[in-house]
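Note on naming: letters A, B, ... go to the chains in the order of the sequence lines (proteins, then strands), and numbering restarts at 1 for each one.
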Amino acid sequence: MPSKAKTGKKLVIVESPAKSKTIAKYLGEGFIVEASIGHIRDLPQPSDLPAELKKTSVGKFAVDIENDFKPYYVVSPDKKKKVAELKAQLKDADALYLATDGDREGEAIAWHLLEVLKPKVPVYRMTFGEITKEAIHRAMDNLRDVDSALVDAQETRRILDRLYGYEISPVLWRKVARGLSAGRVQSVVTRMVVDRERERMAFKSASYWDLTGQFGTGSATFKAKLAAVDGAKVASGRDFNDDGVLTSANAVHLNDELATSLAAGLENADFRVRSVDTKPYTRRPAAPFTTSTLQQEAGRKLRFTSKSTMQIAQRLYENGYITYMRTDSSALSDEALTAARRQAAELYGPEYVPQSPRVYANKAANAQEAHEAIRPAGDSFRTPAQVANHLTGDAFRLYELIWKRTIASQMGDAKGSTATIRLGAVATDGRDAEFSASGTVITFPGFLAAYEEGKDESRGDDDSDEARRLPNVAKDDSLTASDIIAIGHETSPPPRYTEASLTAELEKRGIGRPSTYASTISTIQDRGYVRKQGSALVPSWIAFSVIRLLEQHFTDYVDYEFTADMEGDLDKIANGQAVGAAWLKHFYYGEDADPGLLSIVNNLGEIDAREINSVPIAEGITLRVGKFGPYLESSIPTVDPKTGEVVESARANVPEDLAPDELTAAKAVELMETAAPRNASWARTRTPDTPWLPRTADTAPTSLRSSRR
DNA sequence: CAGTGAGCGAGCTTCCGCTTGACTT
């Protein structure tokens with residue numbers, strides 16, 4: 001066999017196969033572009049370690065906790081084939097270019113490739129923020145070495161997550177239930193959902209009343225709302241706190257009676273315009289999509305789950321319709337800016353495009369910006385009409401959303417004016433009532449011509465800033481009045497998170513990464529911490545127990561700032577100001593006053609499982625999380641009337657679909673009463689004067705039969 | 001179903017982040 005001659009080609013390795021095709025095109029002859037398809041090595045499951053290692057200091061985490069936290073890496077089973085292919089390609093190449101993403105994880109992938117492929121040819125690290133011919137060639141002119149400090153930072157992050165998850169999860173198995181898990185990201189996310197439910201449980205609703213009326217001059221009428229009585233502002237939803245207490249000192253709180261009598265007293269009153277105030281209105285377009293904002297907006301406008309949004313986006317990306325869909329950057333490349341501005345001008349006219357391109361600053365904490373924003377691919381965008389024949393239902397709708405958002409982001413502000421009319425009259429009882437109405441008129445739609453961002457369900461009063469035109473009126477004009485009615489309102493608790501609003505919050509706080517938002521939300525559902533009720537995320541009672549334990553014993557680890565603090569430290573490692581191994585040593589074994597994770601876990605002392613799994617619900621009634629789910633227990637001893645026996649406690653099941661905030665004291669009593677017959681005595685002693693028909697196996701069918709006849 | 005428990009104690013569960021297919025339901 002003749003000895004194999006080198007092809008003289010250069011091997012370039014990127015992360016994503018879809019990217020590799022485009023890059024190959026730009027680099028041309030002489031280059032072979034391959035993809036690693038993400039990470040190629042990772043820490044194995046400790047159970048998969050070779051037997052001889054299991055007994056050593058590596059055995060617990062696949063990290064040597066006694067020797068500078070040296071990780072024990074293995075090539076991931078599903079990457080063995082890929083690695084073999086890359087090795088074969090490298091044999092024929094005369095240079096290797098590691099072109100993985102320009103962020104912390106990408107740097108680590110480059111290093112792992114280096115470790116596994118052991119190239120004998122020159123190796124260069126290259127990075128680019130966008131996939132254009134210019135950017136790729138610029139990257140070729142700015143080659144460097146793999147940044148070992150940045151790799152150290154990634155490795156530290158990886159090991160920290162293993163130590164955190166695999167040290168704390170077993171505590172939950174022992175104290176709450178088997179199979180549970182804790183982690184730097186999932187535990188904080190679960191805590192957010194639990195905290196929101198706690199706020200809802202503690203929430204006390206307040207009721208307040210106001211008036212609306214129809215006012216007008218001749219034929220034109222408009223609706224206005226009571227704003228002030230005798231010069232004092234009328235209290236509305238935002239004037240109450242979550243305890244149902246009025247917090248605005250100068251506001252008048254109208255109840256049913258006061259509002260109804262005022263409405264009656266205004267029936268024939270002489271209403272006049274008191275002021276007309278006009279203010280200019282401008283609104284700016286939203287930034288181009290990041291992973292997080294795409295998931296939110298697709299959730300709001302298209303009702304997609306985060307998971308399905310990502311699946312559809314992946315297909316669009318692979319087929320060349322959009323740019324990369326896992327990104328935390330809202331920046332557009334120069335090529336995209338030009339394309340968006342040109343297309344906006346063509347479709348809407350040059351006056352719709354501002355003089356200079358709009359630049360969006362990144363709002364998210366810890367953004368790494370290895371890619372540009374999510375936008376239509378290419379240097380001239382295909383319009384939705386042009387792709388309509390190639391894309392089916394959901395894919396088309398997602399493309400259209402991305403296209404609109406991108407175009408709109410480079411269009412001018414919407415301009416108009418907001419008019420506010422204040423009008424009033426004196427009621428028959430002498431009270432002065434002032435109403436107000438406002439309406440916005442858009443004189444130049446700007447970006448609104450292309451796209452408007454959706455809104456999340458808002459709290460409190462319904463927004464009256466709708467785009468409506470108010471009639472032309474002037475001060476002291478007399479107005480007709482009709483339909484003056486009193487309306488009662490109740491303040492509402494903070495809304496539950498949805499996938500979309502939770503993702504937004506995670507991005508804002510810098511918790512998790514674009515590639516994991518969707519899977520994190522799946523994880524907390526798979527573990528039974530959270531379930532979806534419609535689009536709302538509702539925590540389980542198990543989650544309450546878990547979070548309570550973590551808050552009490554691992555306070556710092558479930559702090560909302562934990563990840564942000566970690567990122568700060570990792571930055572120091574990436575800058576060479578700190579070393580990963582020393583940082584991990586501090587984290588795991590402690591330092592000075594800080595005990596470290598290991599000693600916390602080893603010195604938990606007596607965690608009273610019963611206490612952790614209990615939540616007081618009402619006087620004498622406690623919710624407990626047991627082996628078979630949550631149940632209610634009453635601690636009020638009662639005497640069984642038949643046997644004369646003292647019953648120490650009674651129990652009742654809690655329905656699966658009952659959200660924690662729906663388990664009020666009254667509901668708990670009701671559940672105890674309708675539980676098993678043995679609780680009958682409990683119910684009778686508790687509410688002696690209420691006649692109560694036990695719904696037992698004996699009585700229920702009878703009553704059903706009789707009621708049906 | 002039954003509720004933090006007698007004794008012995010095997011074997012099991014778990015993290016985050018980067019990427020796609022190859023699987024089943």
Using Watson-Crick or G-U wobble pairs with both distances under 3.5 Å, give me DNA chain B in dot-bracket, 5' to 3', with [ ] for crossers and | for pairs to another strand.
.........................

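Salt bridge present: R125(A) and E107(A) bring a charged side-chain N and a carboxylate O closer than 4.0 Å. Salt bridge status for E15(A) with K19(A): absent, with no side-chain N to carboxylate O gap under 4.0 Å.
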For side chain to side chain donor-acceptor pair (under 3.5 Å), just list the numbers for S306(A) and E499(A), CA-CA rounded to whole Å, side-chain angles, deciding distance to a tenth of an Å, and then say yes or no.
CA-CA 7 Å; S306(A) 302; E499(A) 283 195 6; 2.8 Å; yes

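Both tests pass for R191(A) against the ring of Y560(A): distance under 6.0 Å to the centre and angle within 45° of the axis. Because its NZ or CZ atom is not both nearer than 6.0 Å to the ring centre of Y529(A) and within 45° of the ring axis, R527(A) does not count as a cation-pi partner of that residue.
No side-chain N or O of T291(A) forms a donor-acceptor pair with one of Q295(A) less than 3.5 Å apart. D328(A) and T290(A) are not linked by any side-chain donor-acceptor pair at a separation below 3.5 angstrom, with hydrogens and angles left out of the test.
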Encode nucleotides 10-20 of chain B as B, S and - characters from 5' to 3', where the letter depends on protein heavy atoms closer than 4.0 Å: B to the base, S only to sugar-phosphate, - to neither.
-BBBBBBBBBS

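Not a single donor-acceptor pair under 3.5 Å links the side chain of T516(A) to the backbone N or O of S519(A).
Distance, R174(A) CZ to dG5(B) P: 16 Å, rounded to whole Å.
Residue V625(A) is classed as a base contact, given a heavy-atom separation below 4.0 Å to a base.
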